[in-house]
Asks: 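Here it is, the structure, as structure tokens.
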Amino acid sequence: MSGRNTMKQASSSGKSKNKNKNKRSKAVGYERYIYKVMKEVNPKLEISLRSMVILNHFMQDMAEKIVETSKSLLRYSGRRTLTSMDMHRAVKMELPGQLAKHAMAEGAKAVIRFSTH
């Protein structure tokens with residue numbers, strides 16, 4: 001009897017893995033971008049693996065917070081389409097003062113570069 005239970009457990013766990021695999025989104029890694037910006041600021045700087053992991057988690061958390069804020073703004077307005085103004089508002093709400101201004105300026109430059117190419 002115990003052999004049957006293990007077979008059921010093994011087969012059912014395989015099915016749940018496939019279901020979870022389809023539902024899971026890939027984690028975004030910002031390591032490449034952190035490294036590029038760091039080298040642009042000062043080419044002689046180095047960063048430890050642990051520091052890179054911490055910065056990557058920080059970037060993922062900030063991106064997630066901005067997405068959640070933009071979702072709640074959409075719910076509040078009753079619309080279903082996310083606009084650039086919604087993203088501007090979400091960034092302003094999540095990032096403090098000067099950091100928000102710089103982020104919005106860089107975002108505007110990126111949109112202009114994207115739309116011209």
Side-chain angles (χ1 to χ4, degrees):
M1 284 204 171
S2 65
R4 287 184 188 172
N5 289 341
T6 41
M7 291 297 277
K8 284 182 184 178
Q9 289 171 352
S11 65
S12 66
S13 67
K15 289 179 184 176
S16 65
K17 283 183 183 178
N18 289 337
K19 287 180 185 177
N20 290 339
K21 187 176 182 181
N22 292 336
K23 290 182 183 178
R24 262 189 252 157
S25 63
K26 289 185 177 182
V28 178
Y30 296 100
E31 292 94 351
R32 178 185 313 162
Y33 309 108
I34 293 168
Y35 188 78
K36 282 182 180 181
V37 169
M38 185 187 73
K39 288 300 178 182
E40 191 176 305
V41 171
N42 187 347
K44 294 180 182 178
L45 286 178
E46 294 183 5
I47 188 168
S48 69
L49 181 62
R50 185 174 174 95
S51 298
M52 184 63 82
V53 168
I54 291 169
L55 280 173
N56 188 46
H57 285 303
F58 173 74
M59 294 296 293
Q60 287 173 342
D61 289 342
M62 287 308 300
E64 189 174 313
K65 283 182 182 182
I66 292 170
V67 166
E68 289 299 319
T69 303
S70 61
K71 280 174 42 178
S72 58
L73 285 172
L74 278 180
R75 265 187 255 119
Y76 181 74
S77 67
R79 291 180 292 117
R80 298 180 70 182
T81 305
L82 184 68
T83 64
S84 61
M85 284 308 298
D86 295 325
M87 289 306 294
H88 276 265
R89 289 182 189 114
V91 168
K92 271 187 170 180
M93 291 171 70
E94 288 299 325
L95 298 177
Q98 285 295 107
L99 191 56
K101 287 180 184 178
H102 285 292
M104 288 188 293
E106 291 297 321
K109 282 195 319 192
V111 169
I112 289 169
R113 254 185 283 137
F114 177 77
S115 62
T116 57
H117 288 100

Asks: Check side chain to side chain contact (heavy atoms under 4.5 Å, CB included) between K109 and all other residues, then give those that pass, not counting sequence neighbours.
Replies: E106, R113

Asks: Compare every heavy atom of A103 with every heavy atom of V91, then report the nearest pair and how far apart it is.
Replies: CG1-CB, 4.1 Å

Asks: Quick check: is I34 connected to L45 through a chain of hydrophobic side chains (ILVMFWY, heavy atoms under 4.5 Å apart)?
Replies: yes

Asks: Residues in side chain to side chain contact (heavy atoms under 4.5 Å, CB included) with R32, at least two apart?
Replies: K36

Asks: Rounded to the nearest 0.5 Å, how far apart are CD of E94 and OG1 of T69?
Replies: 3.5 Å

Asks: For residues M59 and L99: do they belong to one hydrophobic cluster (side chain heavy atoms under 4.5 Å, members Ile, Leu, Val, Met, Phe, Trp, Tyr)?
Replies: yes

Asks: Could you grab the distance from atom OG of S84 to atom CE of M104, nearest 0.5 Å is fine?
Replies: 11.5 Å

Asks: Counting C-beta onward and ignoring hydrogens, is there a side-chain heavy-atom pair between L95 and M62 closer than 4.5 Å?
Replies: yes

Asks: With Y35, which residues qualify under side chain to side chain contact (heavy atoms under 4.5 Å, CB included), at least two apart?
Replies: M38, K39, M52

Asks: Could you pull out the closest heavy-atom pair between I66 and A90, with the gap in Å?
Replies: O-CB, 3.7 Å

Asks: Might you point out which heavy atoms bring T81 and L74 nearest each other, and give the distance in Å?
Replies: O-CD2, 3.2 Å

Asks: I need the M85 CE to L73 CG distance, nearest 0.5 Å.
Replies: 10.5 Å

Asks: Could you measure the distance from the CD1 atom of I47 to the CG atom of L55? Nearest 0.5 Å is fine.
Replies: 5.0 Å

Asks: So does E68 pair up with K71, basic N to acidic O under 4.0 Å?
Replies: yes

Asks: Is there a donor-acceptor pair under 3.5 Å between the side chain of D61 and the backbone N or O of F58?
Replies: no

